[in-house]
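Only a predicted model underlies this, so the values are computations on that prediction, with no experimental measurement involved.
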Amino acid sequence: MLTSFVTMSSPDLLDQRGVALPMALFTLALLTTLMLAFASLSQTEPVIAANHLRGTQARTLAESGLELAIWALANPAGPGGVPTPLPGDTADPPFDGRTFVPLAAGGFTVRITNHAGGDANRRTIAAVGWVPTNSPTDARPRAHRQVSVDVVVVPPLARRAPCALCVRGALDVVGPVSIEGRNRDPNCGDDTKYGAFSRDATTLTGPVTLSGGAGPSAQQQPAAGLEGMTLSPAALDALKTLAWRNGTYYGPGFPRGGTRSDGSRTWSGRIVFDAANPVADGVVFVDTIDGVNVAVDGPPVTTLAGARLDAGALIARGGVFRGWIVVNGSLEVTGGVNVRGVLYAVDGITYSATGESRLEGLAVAMNTRNASATRIEATSGGSLAITFDCTHATAADSIPRAFTPIPGTYREDAD
């Protein structure tokens, strides 16, 4: 009986008739679902693409606002330029953040403000791009993006300088030294500069000659008289970047690593430029031990840099250095050294001429920490002439006069 049951039931179990219809219905249901999904995507994808396009256009327009603001800052005296300093905390229209500037498929608003930290050499630019407009009454779909950046300019020291030799402290001048502050270039203002200008006493020993359009010298002056000569932290960082690009940055890891002349990456904060270690023209920056800028009149620090410039460092360059030497500390110049440009020390300067020496440009000692006097002397039959020269001090080939973006400050801001 069991054998007969299995034999009789097997054909019914293996029979596949009637399966096609359920499979067809299942496949049709699946295809219908996919078709509905594709139909929905076909309606939303164009909207998404249009929104993405408007967002991209708005961001591009915002960046156009940044570029316009940077151009305006670089051309303060031209039509559409922005003056330095700003007339208030915010620039006048159209750089007030409220004036809509139409451009292409939309437009932008842009605002230029003084830096929140009070840095006179720094500005903050914020721009908002709009597509197609920022009008709240426009019923069309709109998009906007906001970007901002901080910019900095190296201040025009030659134009601001009240003197050929500026010392924010005491000044000693010894021996056959001539210091002339006459200005013959209208790009640096009128002929109203002193030969020497010091916050504290100026002591003259020997056959010293001082002259200037404003007078031979001014001593015991308030520190405010040299505020225009102070390089802010942002300006110092900008000079570090210029020096790094020039291959003449000496310090630790700014902005992408510093090396000493011997190839090591340790930095003691001390360097000597001589025949074995010549100095190149352009912007030369000698940084503090830790690369941190030192605040004026701040607490005592042990990280200040020290640099010495000997005559041998310039033999291969015809005995003349052209550019700026900036030391985040003290600078010593020895021998018969000829400079066409700017010598700037955050601390003190010692200039000891044992041969015929000339500085055509400008010298500044800010005496941030050094209580001793800046000393300018000519000995051992040497002579030294310091002459204000607007062209050499401006160093247009090495120092850009435009505001430039500060690396790391560009950002796309949320609403």
Side-chain angles (χ1 to χ4, degrees), residues 58-76 78 80-99 101 108-130 144-157 160 227-246 249 251 253-256 283 285 287-288 290-296 298 324 326 328 344 346 398-415:
R59 189 174 189 274
T60 301
L61 287 166
E63 290 180 347
S64 297
L66 294 184
E67 293 294 335
L68 178 63
I70 292 173
W71 174 87
L73 286 168
N75 296 274
V82 173
T84 299
L86 296 179
D89 289 336
T90 304
D92 292 334
F95 301 101
D96 58 350
R98 297 187 298 269
T99 305
V101 180
F108 58 83
T109 59
V110 59
R111 183 178 71 253
I112 301 175
T113 59
N114 290 319
H115 186 250
D119 190 333
N121 304 317
R122 190 168 175 174
R123 303 285 184 272
T124 298
I125 305 173
V128 183
W130 291 88
H144 68 279
R145 296 289 186 273
Q146 178 171 326
V147 296
S148 62
V149 70
D150 286 354
V151 295
V152 64
V153 65
V154 177
L157 296 184
R160 296 180 178 182
E227 280 186 0
M229 308 305 294
T230 302
L231 292 175
S232 68
L236 288 171
D237 287 344
L239 287 167
K240 294 179 189 183
T241 301
L242 292 173
W244 186 89
R245 293 172 180 169
N246 192 50
Y249 171 78
F254 182 96
R256 283 170 268 179
V283 178
F285 199 104
D287 210 351
T288 57
D290 55 6
V292 177
N293 298 318
V294 179
V296 176
W324 283 27
V326 181
N328 228 341
Y344 188 101
V346 171
S398 303
I399 309 293
R401 292 303 162 202
F403 279 85
T404 57
I406 300 175
T409 63
Y410 177 90
R411 55 198 175 273
E412 184 169 356
D413 299 322
D415 292 336

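- The CH2 atom of Trp71 lies 14.5 Å from the CZ atom of Phe403; values are rounded to the nearest 0.5 Å.
- Salt-bridge formation is detected for the pair Lys240/Asp287: a Lys NZ or Arg NE/NH1/NH2 atom is positioned less than 4.0 Å from an Asp or Glu carboxylate oxygen.
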Thr113 and Asp89: CA distance, side-chain angles, deciding distance, side-chain contact (heavy atoms from CB on, under 4.5 Å) verdict: CA-CA 6 Å; Thr113 59; Asp89 289 336; 5.9 Å; no

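- Pro405 has its side chain out of reach of Val152: every pair of non-hydrogen atoms, C-beta onward, lies at least 4.5 Å apart.
- Listed here is the closest heavy atom pair of Ser232 and Asn121: OG-ND2, 3.0 Å.
- Rounding to the nearest 0.5 angstrom, the gap separating the CZ atom in Arg145 from the CD atom in Glu63 is 12.0 Å.
- Atoms CD1 and OG1, from Ile406 and Thr124 in turn, are 8.0 Å apart once rounded to the nearest 0.5 Å.
- Across all non-hydrogen atoms, the minimal contact from Ala91 to Leu86 is CB-CD2, 4.1 Å.
- Between Thr109 and Val101 there is no side-chain heavy-atom pair separated by less than 4.5 Å.
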Intermediate values then yes/no, side-chain contact (heavy atoms from CB on, under 4.5 Å), Leu73 and Val153: CA-CA 9 Å; Leu73 286 168; Val153 65; over 6 Å; no

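- With hydrogens and angles left out, the side-chain atoms of Asp413 and Ser148 include a donor and acceptor closer than 3.5 Å.
- A pairwise comparison of heavy atoms in Arg59 and Glu412 identifies NE-OE1, 2.9 Å as the closest pair.
- Here the closest heavy-atom approach between residue Pro155 and residue Leu231 is recorded as CG-CD2, 3.6 Å.
- To the nearest 0.5 Å, atom CH2 of residue Trp130 and atom CZ of residue Phe108 are 14.5 Å apart.
- For the pair Ser64 (side chain) and Thr60 (backbone), a donor-acceptor distance under 3.5 Å is present.
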Steps toward side-chain contact (heavy atoms from CB on, under 4.5 Å) verdict (Val154, Arg401): CA-CA 7 Å; Val154 177; Arg401 292 303 162 202; 4.2 Å; yes

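- Here the straight-line distance linking atom CZ of Arg98 with atom OG1 of Thr90 works out to 7.5 Å at 0.5 Å rounding.
- Using a distance-only test at 3.5 Å, with no hydrogens or angles considered, a donor-acceptor pair links the side chain of Thr409 to the main chain of Asp150.
- A 4.5 Å side-chain heavy-atom check between Asp92 and Pro87 finds at least one atom pair inside the cut-off.
- Checking Asn328 against Thr288 by side-chain atom types alone, no donor-acceptor pair falls below 3.5 Å.
- When every heavy atom of Phe95 is checked against every heavy atom of Ala72, the shortest pair comes out as CZ-CB, 3.5 Å.
- Leu66 places a side-chain heavy atom less than 4.5 Å from the side chain of Val147.
- To the nearest 0.5 Å, atoms CD1 (Ile399) and CG (Leu239) are separated by 5.5 Å.
- Of all heavy-atom pairs spanning Asn114 and Gly88, the tightest one is ND2-O, 3.1 Å.
- The shortest distance between side-chain heavy atoms of Leu157 and Met229 falls below 4.5 Å.
- Checked by atom type and distance alone, the side chain of Thr241 pairs as donor or acceptor with a backbone atom of Asp237 at under 3.5 Å.
- Contact annotation: the side chain of Val283 never approaches that of Tyr249 to less than 4.5 Å [non-hydrogen atoms, C-beta and beyond].
- Between Pro400 and Leu242 the shortest side-chain heavy-atom distance falls below 4.5 Å.
- With hydrogens and angles ignored, the 3.5 Å screen pairs a side-chain donor or acceptor of Arg123 with a backbone N or O of Ala120.
- Within a 6.0 Å radius of CZ in Arg411, other residues, nucleotides and ligands contribute more than 12 heavy atoms.
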